[in-house]
Amino acid sequence: MTQKPSDFGGLCFLGADQISRNLMCRVVVVGANGAGKTWLAQRLGYILGAPVIHKDALALTAHWHQRSREDVHAALVDKVSDEGWILEGGPSILVQPILDRTTFVIWLDIPAPLRAWRVFCRSARYLGRTRPEHPVNNRDWPGPRQARFLWRSLTAGPRFRSAVADALKTDPTPVIRLRTPHDVKAFLDQIASP
């Protein structure tokens, strides 16, 4: 069994017998802005043949307007009622109705400078366009919203880390905490190996 976040300080390698298709059938990928949640979720979805649920796709309408917290929660609970999925998002997805359905949690705890660089590069890449995981008409443009988002990427790490740890510390769902790109690659290699 994997250890809980408070019990280990680095990558927790699992034996092949511990990472079964049953364990990986309903996976939550959680982390701060720029941690690589979407990228990892998409790769896991491909490897495992599971649909990917993007929390932002359920939370946004158009022009970066947010649905109500209650509507987002209801949509997430509805989506996770299916049998197989990969859900990616921030700590707000770690609520009991979702954790009750989750078979495995991947916590991306990537250093702030790398996360901020990724947010900057992602914004530049999609400048004037909507990212594939977002609803239409949520274009990335430079401005105050992007500046605030980039600042949060640099400063919100401790708050996100505390929120994730608090949500997972008593939950029995197996968790792995990945702290570096090397950890992520090693984990994916392990999942993808026959």
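Side chains are part of it too, since the values below use all heavy atoms of this structure and drop only hydrogens, waters and symmetry mates.
Scanning all heavy atoms of the two residues, the minimum distance from Ala41 to Val52 falls at O-CG2, 3.3 Å. Taking both residues in full, the closest heavy atoms of Leu40 and Val29 are given as CD2-CG1, 4.0 Å, listed atom of the first, atom of the second, then distance. In terms of heavy atoms, Ile98 sits closest to Ile93 at CD1-O, 3.4 Å. When all heavy atoms are compared, the tightest approach of Val119 to Asn33 is CG2-C, 4.1 Å. Closest heavy-atom contact between Thr103 and Cys25: OG1-N, 3.5 Å. The two residues Phe104 and Ile106 make their nearest non-hydrogen contact at CE2-CG1, 3.7 Å.
Distance check, rounded to the nearest 0.5 Å: CG of Leu188 to CG of Leu44 gives 5.5 Å. Atom CD of residue Glu88 and atom NE2 of residue His54 lie 5.5 Å apart, to the nearest 0.5 angstrom. Taking CG of Leu76 as the reference point, atom OG of Ser92 lies at 7.5 Å (rounded to 0.5 Å). For the atom pair OG1 of Thr173 and CG of Leu99, the computed distance is 5.5 Å after rounding to the nearest 0.5 Å. For the atom pair CZ of Arg161 and CH2 of Trp107, the computed distance is 7.0 Å after rounding to the nearest 0.5 Å. Remark: His65 NE2 to Asn137 CG distance equals 10.5 Å, nearest 0.5 Å.
Using a 4.5 Å heavy-atom cutoff, the side chains of Ser68 and His73 are not in contact. Asp109 has its side chain out of reach of Leu178: every pair of non-hydrogen atoms, C-beta onward, lies at least 4.5 Å apart. Put simply, the side chain of Val30 does not reach to within 4.5 Å of the side chain of Leu108, judged on heavy atoms. Put simply, the side chain of Thr61 does not reach to within 4.5 Å of the side chain of Gln66, judged on heavy atoms. Under the 4.5 Å side-chain criterion, counting only non-hydrogen atoms from C-beta, Leu58 is in contact with Lys79.
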Which is it for Ile110 and Arg118 under the side chain to side chain contact (heavy atoms under 4.5 Å, CB included) test, yes or no, and what are the steps along the way? CA-CA 11 Å; Ile110 305 299; Arg118 287 175 172 177; 4.2 Å; yes
### Task
Output, in order, the C-alpha distance, side-chain angles, deciding distance and verdict of side chain to side chain contact (heavy atoms under 4.5 Å, CB included) for Leu94 and Leu168.
CA-CA 8 Å; Leu94 299 176; Leu168 297 175; 4.2 Å; yes
Q: Before giving the answer on side chain to side chain contact (heavy atoms under 4.5 Å, CB included), spell out for Tyr46 and Ile86 the whole-Å C-alpha distance, their side-chain angles and the decisive distance to 0.1 Å.
A: CA-CA 10 Å; Tyr46 175 77; Ile86 314 290; over 6 Å; no
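Electrostatic pairing of Lys169 and Asp166 counts as a salt bridge here, judged by a charged N lying under 4.0 Å from a carboxylate O. The pair Glu83-Arg101 meets the salt-bridge criterion, since a charged nitrogen lies less than 4.0 angstrom from a carboxylate oxygen.
In the hydrophobic clustering of this structure, Val28 does not group with Val77; members are Ile, Leu, Val, Met, Phe, Trp, Tyr whose side-chain heavy atoms approach within less than 4.5 Å, directly or through other members.
Without hydrogens or angle criteria, Asp82 side chain to Gly84 main chain gives no donor-acceptor distance under 3.5 Å. Between the side chain of Ser162 and the backbone N or O of Arg159, no donor-acceptor pair lies under 3.5 Å. Although no hydrogens or angles enter the test, the distance criterion places no donor-acceptor pair under 3.5 Å between the side chain of Arg26 and the main chain of Val80. Of the possible polar contacts, none joining the Arg179 side chain to the Pro111 backbone as a donor-acceptor pair under 3.5 Å is found.
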